[in-house]
Amino acid sequence: MPSPAMPIRIAHSSAVDPTTAVNELHAGLVQERLAAVIFFCSADYDLTALAAALSLAFKDLPVVGCTTAGEIGPAGLCERSLVGVGFSASVCSAVGGLLGDLRSLSAEQTKDFAQSRLNALLDLAPYACSSNSFGFLLIDGLSLKEEPVALDIQRMLGNIPLVGGSAGDGLRFQDTWVYWGGAFHPNHAVMLLISTTLPVYAYRTQHFLPSEHRMVVTAADIGRRTVHEINGLPAAEEYARLIGYPLDQLTPALFAAYPVVVKIDGSYYVRGLQRAHPDGSLTFYCAIEEGLVLRIAQGENLLENLAAAFGRVRQVIGQPLVTLGCDCILRKLEVAAADQLDDLNRLMTDNRVVGFHTYGEQFRGIHINQTFAAVAIGAPATASEHD
(Lines give C-alpha, C1' and ligand atoms only; values in the text may rest on other atoms or scores of the structure.)
Protein backbone atom coordinates (compact mmCIF):
# COMPACT_ATOMS: atom_id res chain seq x y z
CA MET A 1 0.00 0.00 0.00
CA PRO A 2 1.16 3.58 -0.64
CA SER A 3 2.57 5.68 2.17
CA PRO A 4 0.38 8.44 3.63
CA ALA A 5 2.37 11.02 1.64
CA MET A 6 1.79 9.27 -1.71
CA PRO A 7 0.04 11.79 -4.00
CA ILE A 8 -1.40 9.09 -6.25
CA ARG A 9 -2.95 6.05 -4.63
CA ILE A 10 -4.22 2.80 -6.12
CA ALA A 11 -6.68 0.35 -4.62
CA HIS A 12 -8.56 -2.85 -5.35
CA SER A 13 -11.54 -4.78 -4.03
CA SER A 14 -12.70 -8.27 -4.92
CA ALA A 15 -15.82 -7.95 -2.75
CA VAL A 16 -18.95 -9.23 -4.47
CA ASP A 17 -21.28 -6.78 -2.73
CA PRO A 18 -21.17 -3.41 -4.58
CA THR A 19 -21.32 -1.27 -1.44
CA THR A 20 -18.55 -3.23 0.25
CA ALA A 21 -16.41 -3.03 -2.89
CA VAL A 22 -16.80 0.75 -3.12
CA ASN A 23 -16.09 1.22 0.59
CA GLU A 24 -12.87 -0.77 0.23
CA LEU A 25 -11.89 1.23 -2.85
CA HIS A 26 -12.62 4.52 -1.08
CA ALA A 27 -10.57 3.49 1.95
CA GLY A 28 -7.58 2.82 -0.27
CA LEU A 29 -7.84 6.06 -2.27
CA VAL A 30 -9.04 8.67 0.21
CA GLN A 31 -6.73 11.48 1.23
CA GLU A 32 -7.18 15.04 2.44
CA ARG A 33 -7.64 16.66 -0.97
CA LEU A 34 -8.58 14.45 -3.91
CA ALA A 35 -8.69 15.97 -7.39
CA ALA A 36 -10.26 13.03 -9.25
CA VAL A 37 -10.76 9.26 -9.33
CA ILE A 38 -10.64 6.77 -12.20
CA PHE A 39 -12.01 3.26 -11.68
CA PHE A 40 -12.57 0.05 -13.64
CA CYS A 41 -15.14 -2.55 -12.71
CA SER A 42 -16.58 -5.89 -13.70
CA ALA A 43 -19.84 -5.79 -15.65
CA ASP A 44 -21.06 -8.54 -13.32
CA TYR A 45 -21.76 -6.01 -10.56
CA ASP A 46 -25.23 -4.63 -9.97
CA LEU A 47 -24.31 -1.37 -11.70
CA THR A 48 -27.21 0.60 -10.24
CA ALA A 49 -26.10 -0.31 -6.71
CA LEU A 50 -22.44 0.28 -7.57
CA ALA A 51 -23.22 3.73 -8.99
CA ALA A 52 -25.19 4.69 -5.88
CA ALA A 53 -22.32 3.61 -3.63
CA LEU A 54 -19.76 5.50 -5.72
CA SER A 55 -21.86 8.66 -5.65
CA LEU A 56 -22.24 8.44 -1.88
CA ALA A 57 -18.54 7.73 -1.29
CA PHE A 58 -17.00 10.32 -3.61
CA LYS A 59 -19.82 12.89 -3.71
CA ASP A 60 -19.13 15.74 -6.17
CA LEU A 61 -15.58 14.69 -6.99
CA PRO A 62 -14.85 14.13 -10.72
CA VAL A 63 -15.08 10.33 -11.05
CA VAL A 64 -14.91 8.44 -14.35
CA GLY A 65 -14.97 4.70 -14.89
CA CYS A 66 -16.15 1.87 -17.08
CA THR A 67 -17.00 -1.81 -17.24
CA THR A 68 -14.26 -4.11 -18.48
CA ALA A 69 -13.18 -7.38 -20.04
CA GLY A 70 -10.97 -7.83 -16.98
CA GLU A 71 -9.45 -5.47 -14.42
CA ILE A 72 -5.78 -4.71 -13.73
CA GLY A 73 -4.73 -3.35 -10.35
CA PRO A 74 -2.62 -3.80 -7.23
CA ALA A 75 -3.53 -7.49 -7.17
CA GLY A 76 -2.58 -7.89 -10.82
CA LEU A 77 -4.93 -9.34 -13.42
CA CYS A 78 -8.41 -9.67 -11.94
CA GLU A 79 -11.98 -10.49 -12.86
CA ARG A 80 -15.21 -9.63 -11.04
CA SER A 81 -13.48 -6.87 -9.13
CA LEU A 82 -13.20 -3.10 -8.70
CA VAL A 83 -9.91 -1.23 -9.08
CA GLY A 84 -9.09 2.46 -9.11
CA VAL A 85 -6.64 5.32 -8.77
CA GLY A 86 -7.02 8.56 -6.84
CA PHE A 87 -5.15 11.78 -7.70
CA SER A 88 -4.19 14.30 -5.02
CA ALA A 89 -5.12 17.93 -5.62
CA SER A 90 -1.67 18.83 -4.28
CA VAL A 91 -0.12 17.66 -7.56
CA CYS A 92 -3.04 17.35 -10.02
CA SER A 93 -5.80 19.49 -11.48
CA ALA A 94 -8.61 17.62 -13.22
CA VAL A 95 -11.86 18.18 -15.09
CA GLY A 96 -14.17 15.59 -16.56
CA GLY A 97 -17.30 15.24 -18.59
CA LEU A 98 -19.82 12.99 -20.31
CA LEU A 99 -20.23 12.80 -24.09
CA GLY A 100 -23.22 11.20 -25.85
CA ASP A 101 -25.57 10.02 -27.38
CA LEU A 102 -22.73 8.60 -29.51
CA ARG A 103 -24.87 7.18 -32.31
CA SER A 104 -26.35 10.58 -33.14
CA LEU A 105 -23.35 12.68 -32.16
CA SER A 106 -21.95 15.18 -34.65
CA ALA A 107 -18.32 16.12 -35.08
CA GLU A 108 -19.12 19.67 -33.97
CA GLN A 109 -20.69 18.43 -30.73
CA THR A 110 -17.60 16.33 -29.99
CA LYS A 111 -15.28 19.24 -30.70
CA ASP A 112 -17.36 21.61 -28.57
CA PHE A 113 -17.22 19.10 -25.72
CA ALA A 114 -13.44 18.76 -25.95
CA GLN A 115 -12.92 22.52 -26.20
CA SER A 116 -15.13 23.19 -23.18
CA ARG A 117 -13.24 20.63 -21.10
CA LEU A 118 -9.88 22.04 -22.21
CA ASN A 119 -11.00 25.57 -21.32
CA ALA A 120 -12.13 24.34 -17.91
CA LEU A 121 -8.75 22.71 -17.30
CA LEU A 122 -6.91 25.87 -18.32
CA ASP A 123 -9.00 27.83 -15.82
CA LEU A 124 -7.68 25.52 -13.09
CA ALA A 125 -4.17 25.05 -14.49
CA PRO A 126 -3.22 27.93 -16.82
CA TYR A 127 0.11 26.32 -17.67
CA ALA A 128 -1.37 23.02 -18.81
CA CYS A 129 0.39 21.80 -21.94
CA SER A 130 1.54 18.68 -23.74
CA SER A 131 4.45 18.09 -21.36
CA ASN A 132 2.42 18.09 -18.14
CA SER A 133 -1.12 17.09 -19.15
CA PHE A 134 -3.11 14.30 -20.77
CA GLY A 135 -6.63 13.26 -21.60
CA PHE A 136 -8.03 9.89 -20.54
CA LEU A 137 -10.98 8.63 -22.58
CA LEU A 138 -13.34 5.77 -21.77
CA ILE A 139 -15.97 4.90 -24.38
CA ASP A 140 -18.75 2.38 -24.95
CA GLY A 141 -16.92 -0.54 -26.54
CA LEU A 142 -19.93 -1.56 -28.65
CA SER A 143 -20.79 1.90 -29.95
CA LEU A 144 -18.66 1.59 -33.12
CA LYS A 145 -17.88 5.28 -32.68
CA GLU A 146 -14.37 5.20 -31.22
CA GLU A 147 -12.64 6.41 -34.41
CA PRO A 148 -14.50 9.71 -34.94
CA VAL A 149 -14.77 10.51 -31.23
CA ALA A 150 -11.07 9.96 -30.50
CA LEU A 151 -9.98 11.83 -33.63
CA ASP A 152 -12.21 14.86 -33.03
CA ILE A 153 -11.21 15.13 -29.36
CA GLN A 154 -7.51 14.86 -30.16
CA ARG A 155 -7.81 17.60 -32.78
CA MET A 156 -9.18 19.98 -30.16
CA LEU A 157 -6.60 18.98 -27.54
CA GLY A 158 -3.75 19.72 -29.95
CA ASN A 159 -0.50 18.27 -28.67
CA ILE A 160 -1.94 17.17 -25.33
CA PRO A 161 -2.00 13.37 -25.71
CA LEU A 162 -5.29 11.49 -25.55
CA VAL A 163 -5.10 7.90 -24.28
CA GLY A 164 -8.00 5.59 -23.57
CA GLY A 165 -9.87 2.35 -23.94
CA SER A 166 -13.17 0.87 -25.05
CA ALA A 167 -15.34 -0.50 -22.25
CA GLY A 168 -16.06 -4.23 -22.15
CA ASP A 169 -18.40 -6.76 -20.58
CA GLY A 170 -16.20 -9.82 -20.15
CA LEU A 171 -16.44 -11.54 -23.52
CA ARG A 172 -20.22 -11.29 -23.88
CA PHE A 173 -20.28 -8.35 -26.33
CA GLN A 174 -23.79 -7.37 -25.18
CA ASP A 175 -23.68 -4.18 -23.06
CA THR A 176 -20.79 -1.93 -22.07
CA TRP A 177 -21.01 1.09 -19.78
CA VAL A 178 -19.13 4.23 -18.75
CA TYR A 179 -19.63 6.11 -15.48
CA TRP A 180 -20.10 9.81 -14.77
CA GLY A 181 -22.20 11.89 -12.43
CA GLY A 182 -23.51 9.11 -10.23
CA ALA A 183 -24.71 6.77 -13.00
CA PHE A 184 -23.54 4.27 -15.59
CA HIS A 185 -24.32 5.19 -19.20
CA PRO A 186 -24.47 3.05 -22.36
CA ASN A 187 -23.70 4.64 -25.74
CA HIS A 188 -21.62 7.39 -24.12
CA ALA A 189 -18.01 8.35 -23.55
CA VAL A 190 -16.36 9.99 -20.55
CA MET A 191 -13.13 11.95 -20.48
CA LEU A 192 -10.90 13.18 -17.70
CA LEU A 193 -8.32 15.88 -18.44
CA ILE A 194 -5.45 16.00 -15.95
CA SER A 195 -2.61 18.46 -15.55
CA THR A 196 0.08 17.60 -13.02
CA THR A 197 3.36 18.77 -11.55
CA LEU A 198 4.55 15.15 -11.71
CA PRO A 199 6.42 13.74 -14.71
CA VAL A 200 4.09 12.12 -17.26
CA TYR A 201 4.75 9.90 -20.25
CA ALA A 202 2.11 8.70 -22.74
CA TYR A 203 3.04 5.73 -24.89
CA ARG A 204 1.82 2.63 -26.68
CA THR A 205 3.42 -0.68 -27.56
CA GLN A 206 2.47 -3.61 -29.75
CA HIS A 207 4.30 -6.79 -30.62
CA PHE A 208 3.13 -7.24 -34.20
CA LEU A 209 4.90 -6.44 -37.47
CA PRO A 210 3.56 -6.70 -41.04
CA SER A 211 4.16 -9.89 -43.01
CA GLU A 212 4.24 -10.23 -46.79
CA HIS A 213 0.65 -11.54 -46.87
CA ARG A 214 -1.43 -8.70 -48.33
CA MET A 215 -5.22 -8.40 -48.06
CA VAL A 216 -7.54 -5.91 -49.75
CA VAL A 217 -11.03 -5.36 -48.37
CA THR A 218 -13.28 -5.70 -51.43
CA ALA A 219 -16.74 -5.75 -49.79
CA ALA A 220 -17.69 -4.47 -46.34
CA ASP A 221 -20.49 -3.15 -44.16
CA ILE A 222 -18.64 -0.11 -42.84
CA GLY A 223 -21.22 0.78 -40.20
CA ARG A 224 -20.95 -2.66 -38.60
CA ARG A 225 -17.17 -3.07 -39.05
CA THR A 226 -17.95 -6.28 -40.94
CA VAL A 227 -15.97 -7.48 -43.96
CA HIS A 228 -17.75 -9.72 -46.46
CA GLU A 229 -14.97 -10.13 -49.03
CA ILE A 230 -11.17 -10.08 -48.94
CA ASN A 231 -9.28 -10.16 -52.24
CA GLY A 232 -12.63 -10.76 -53.96
CA LEU A 233 -13.29 -13.97 -51.96
CA PRO A 234 -15.42 -14.74 -48.88
CA ALA A 235 -13.64 -12.94 -46.05
CA ALA A 236 -13.36 -15.72 -43.45
CA GLU A 237 -12.32 -18.27 -46.06
CA GLU A 238 -9.58 -16.05 -47.49
CA TYR A 239 -8.30 -15.01 -44.06
CA ALA A 240 -8.14 -18.67 -42.96
CA ARG A 241 -6.23 -19.56 -46.13
CA LEU A 242 -3.68 -16.78 -45.59
CA ILE A 243 -2.93 -17.80 -41.99
CA GLY A 244 -2.87 -21.50 -42.88
CA TYR A 245 -5.73 -22.79 -40.74
CA PRO A 246 -9.02 -24.53 -41.55
CA LEU A 247 -12.06 -22.29 -41.67
CA ASP A 248 -13.74 -24.12 -38.78
CA GLN A 249 -10.81 -23.32 -36.46
CA LEU A 250 -11.28 -19.54 -36.48
CA THR A 251 -11.57 -18.77 -32.76
CA PRO A 252 -10.85 -15.70 -30.57
CA ALA A 253 -7.49 -17.26 -29.60
CA LEU A 254 -6.55 -17.64 -33.26
CA PHE A 255 -7.64 -14.07 -34.02
CA ALA A 256 -5.42 -12.94 -31.16
CA ALA A 257 -2.44 -14.75 -32.68
CA TYR A 258 -3.03 -13.55 -36.26
CA PRO A 259 -4.41 -9.99 -36.37
CA VAL A 260 -3.92 -7.67 -39.32
CA VAL A 261 -2.12 -4.33 -39.49
CA VAL A 262 -2.77 -1.15 -41.45
CA LYS A 263 -0.29 1.62 -42.25
CA ILE A 264 -1.22 5.11 -41.03
CA ASP A 265 1.18 8.05 -41.43
CA GLY A 266 4.14 5.71 -41.80
CA SER A 267 3.41 3.53 -38.77
CA TYR A 268 1.60 0.18 -38.54
CA TYR A 269 -1.43 -0.17 -36.28
CA VAL A 270 -3.24 -3.38 -35.38
CA ARG A 271 -6.78 -4.10 -36.52
CA GLY A 272 -8.08 -6.93 -34.34
CA LEU A 273 -10.66 -9.46 -35.46
CA GLN A 274 -13.64 -10.00 -33.19
CA ARG A 275 -15.59 -12.91 -34.68
CA ALA A 276 -16.37 -15.00 -37.75
CA HIS A 277 -19.99 -15.39 -38.85
CA PRO A 278 -21.82 -18.32 -40.46
CA ASP A 279 -22.23 -16.31 -43.68
CA GLY A 280 -18.43 -16.18 -44.09
CA SER A 281 -17.99 -12.56 -42.97
CA LEU A 282 -15.59 -11.22 -40.35
CA THR A 283 -16.27 -8.51 -37.78
CA PHE A 284 -13.40 -6.32 -36.57
CA TYR A 285 -12.84 -4.28 -33.41
CA CYS A 286 -11.85 -1.24 -35.50
CA ALA A 287 -13.24 0.62 -38.49
CA ILE A 288 -12.84 -1.14 -41.83
CA GLU A 289 -13.58 0.26 -45.28
CA GLU A 290 -13.59 -1.04 -48.81
CA GLY A 291 -10.26 -0.68 -50.59
CA LEU A 292 -8.30 -0.76 -47.33
CA VAL A 293 -5.01 -2.60 -47.68
CA LEU A 294 -4.20 -4.87 -44.74
CA ARG A 295 -1.39 -7.25 -43.99
CA ILE A 296 -1.42 -10.35 -41.85
CA ALA A 297 0.70 -9.54 -38.81
CA GLN A 298 3.52 -11.62 -37.43
CA GLY A 299 4.08 -11.49 -33.72
CA GLU A 300 7.17 -11.00 -31.61
CA ASN A 301 7.27 -12.04 -27.95
CA LEU A 302 4.53 -10.06 -26.21
CA LEU A 303 6.05 -10.19 -22.74
CA GLU A 304 9.51 -9.17 -23.93
CA ASN A 305 8.01 -6.31 -25.91
CA LEU A 306 6.02 -5.09 -22.90
CA ALA A 307 8.99 -5.40 -20.55
CA ALA A 308 11.09 -3.32 -22.97
CA ALA A 309 8.37 -0.65 -23.06
CA PHE A 310 8.28 -0.48 -19.27
CA GLY A 311 12.06 -0.20 -19.30
CA ARG A 312 11.90 2.82 -21.61
CA VAL A 313 9.38 4.46 -19.28
CA ARG A 314 11.73 4.10 -16.31
CA GLN A 315 14.52 5.69 -18.34
CA VAL A 316 12.31 8.72 -18.99
CA ILE A 317 10.46 9.27 -15.68
CA GLY A 318 11.81 6.67 -13.26
CA GLN A 319 9.69 4.09 -11.50
CA PRO A 320 6.05 5.18 -12.01
CA LEU A 321 3.69 5.94 -9.16
CA VAL A 322 0.98 4.61 -11.44
CA THR A 323 0.58 3.43 -15.01
CA LEU A 324 -2.91 4.01 -16.38
CA GLY A 325 -3.06 1.06 -18.75
CA CYS A 326 -5.51 0.05 -21.48
CA ASP A 327 -4.61 -3.48 -22.59
CA CYS A 328 -6.52 -5.21 -25.36
CA ILE A 329 -8.44 -8.33 -24.31
CA LEU A 330 -6.90 -10.17 -27.26
CA ARG A 331 -3.47 -9.71 -25.71
CA LYS A 332 -4.66 -11.39 -22.52
CA LEU A 333 -6.12 -14.26 -24.56
CA GLU A 334 -2.80 -14.68 -26.37
CA VAL A 335 -0.84 -14.79 -23.11
CA ALA A 336 -3.35 -17.19 -21.58
CA ALA A 337 -3.04 -19.52 -24.58
CA ALA A 338 0.73 -19.59 -23.97
CA ASP A 339 0.20 -20.29 -20.24
CA GLN A 340 2.10 -17.11 -19.30
CA LEU A 341 -0.49 -15.19 -17.30
CA ASP A 342 1.69 -15.31 -14.18
CA ASP A 343 4.49 -13.57 -16.07
CA LEU A 344 2.12 -10.88 -17.38
CA ASN A 345 0.71 -10.45 -13.90
CA ARG A 346 4.18 -9.85 -12.50
CA LEU A 347 5.00 -7.25 -15.17
CA MET A 348 1.79 -5.36 -14.48
CA THR A 349 2.19 -5.26 -10.71
CA ASP A 350 5.91 -4.36 -10.89
CA ASN A 351 4.99 -1.31 -12.94
CA ARG A 352 1.96 -0.33 -10.86
CA VAL A 353 -0.52 -0.71 -13.69
CA VAL A 354 -4.11 0.24 -12.92
CA GLY A 355 -6.43 -0.25 -15.85
CA PHE A 356 -8.41 -2.81 -17.76
CA HIS A 357 -8.63 -5.24 -20.63
CA THR A 358 -10.41 -3.44 -23.41
CA TYR A 359 -12.44 -3.90 -26.58
CA GLY A 360 -10.05 -1.41 -28.23
CA GLU A 361 -7.54 1.29 -27.39
CA GLN A 362 -7.18 4.95 -28.32
CA PHE A 363 -3.85 6.69 -28.64
CA ARG A 364 -3.39 10.26 -29.86
CA GLY A 365 -6.64 10.19 -31.80
CA ILE A 366 -6.25 6.76 -33.41
CA HIS A 367 -8.42 3.78 -32.45
CA ILE A 368 -6.41 0.56 -32.43
CA ASN A 369 -6.39 -3.05 -31.20
CA GLN A 370 -4.00 -5.53 -29.60
CA THR A 371 -2.03 -2.68 -28.14
CA PHE A 372 -1.05 -1.58 -24.66
CA ALA A 373 -1.82 2.16 -24.49
CA ALA A 374 -0.83 3.93 -21.31
CA VAL A 375 0.06 7.03 -19.37
CA ALA A 376 2.77 6.62 -16.75
CA ILE A 377 3.03 9.16 -13.94
CA GLY A 378 6.30 9.41 -12.05
CA ALA A 379 7.22 10.39 -8.53
CA PRO A 380 7.94 14.02 -7.49
CA ALA A 381 11.46 15.10 -8.27
CA THR A 382 12.29 15.33 -4.56
CA ALA A 383 11.03 11.84 -3.78
CA SER A 384 13.30 8.85 -3.71
CA GLU A 385 12.89 6.08 -6.26
CA HIS A 386 11.26 3.83 -3.68
CA ASP A 387 8.63 6.24 -2.31
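Small disclaimer: the values here were computed from a predicted structure and weren't measured.
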Within 6.0 Å of CD in Gln249, more than 12 heavy atoms from elsewhere:
yes
Salt bridge or not between Arg172 and Asp44? Use side-chain N to carboxylate O under 4.0 Å.
yes
salt_bridge(Glu334, Arg331) N-O dist < 4.0 Å:
no
In Å and rounded to the nearest 0.5 Å, what is the CG to CG distance from Leu302 to Leu344?
7.0 Å
Can you tell me if CG on Asp279 sees more than 12 non-hydrogen neighbours from other groups inside 6.0 Å?
yes
Closest non-hydrogen atom pair, Ala69 against Ile329
O-CD1, 3.5 Å
Would a 4.5 Å heavy-atom cut-off, applied to side chains only, mark Phe134 and Ile377 as touching?
yes
For Phe39, which of Leu54, Val83, Val85 qualifies under side-chain contact (heavy atoms from CB on, under 4.5 Å)?
Leu54
Which distance, rounded to the nearest 0.5 Å, do you find between the CD of Gln319 and the OG1 of Thr323?
8.0 Å
Within the structure provided, determine whether Leu105 and Val149 are in side-chain contact (heavy-atom separation under 4.5 Å).
yes
Do Val190 and Leu47 belong to the same hydrophobic cluster, where Ile, Leu, Val, Met, Phe, Trp and Tyr are linked whenever their side-chain heavy atoms lie under 4.5 Å apart, directly or via other members?
no
Can you confirm whether Asp248 is buried at CG, in the sense that more than 12 heavy atoms of other residues, nucleotides or ligands lie under 6.0 Å from that atom?
yes
Before accepting this row, confirm whether a basic side-chain N of the pair Glu289/Arg225 lies closer than 4.0 Å to the acidic partner's carboxylate O.
no
Do other residues, nucleotides or ligands put more than 12 heavy atoms under 6.0 Å from Arg80 CZ?
no
Flag yes if more than 12 heavy atoms outside Asp339 fall under 6.0 Å of its CG atom; otherwise flag no.
no
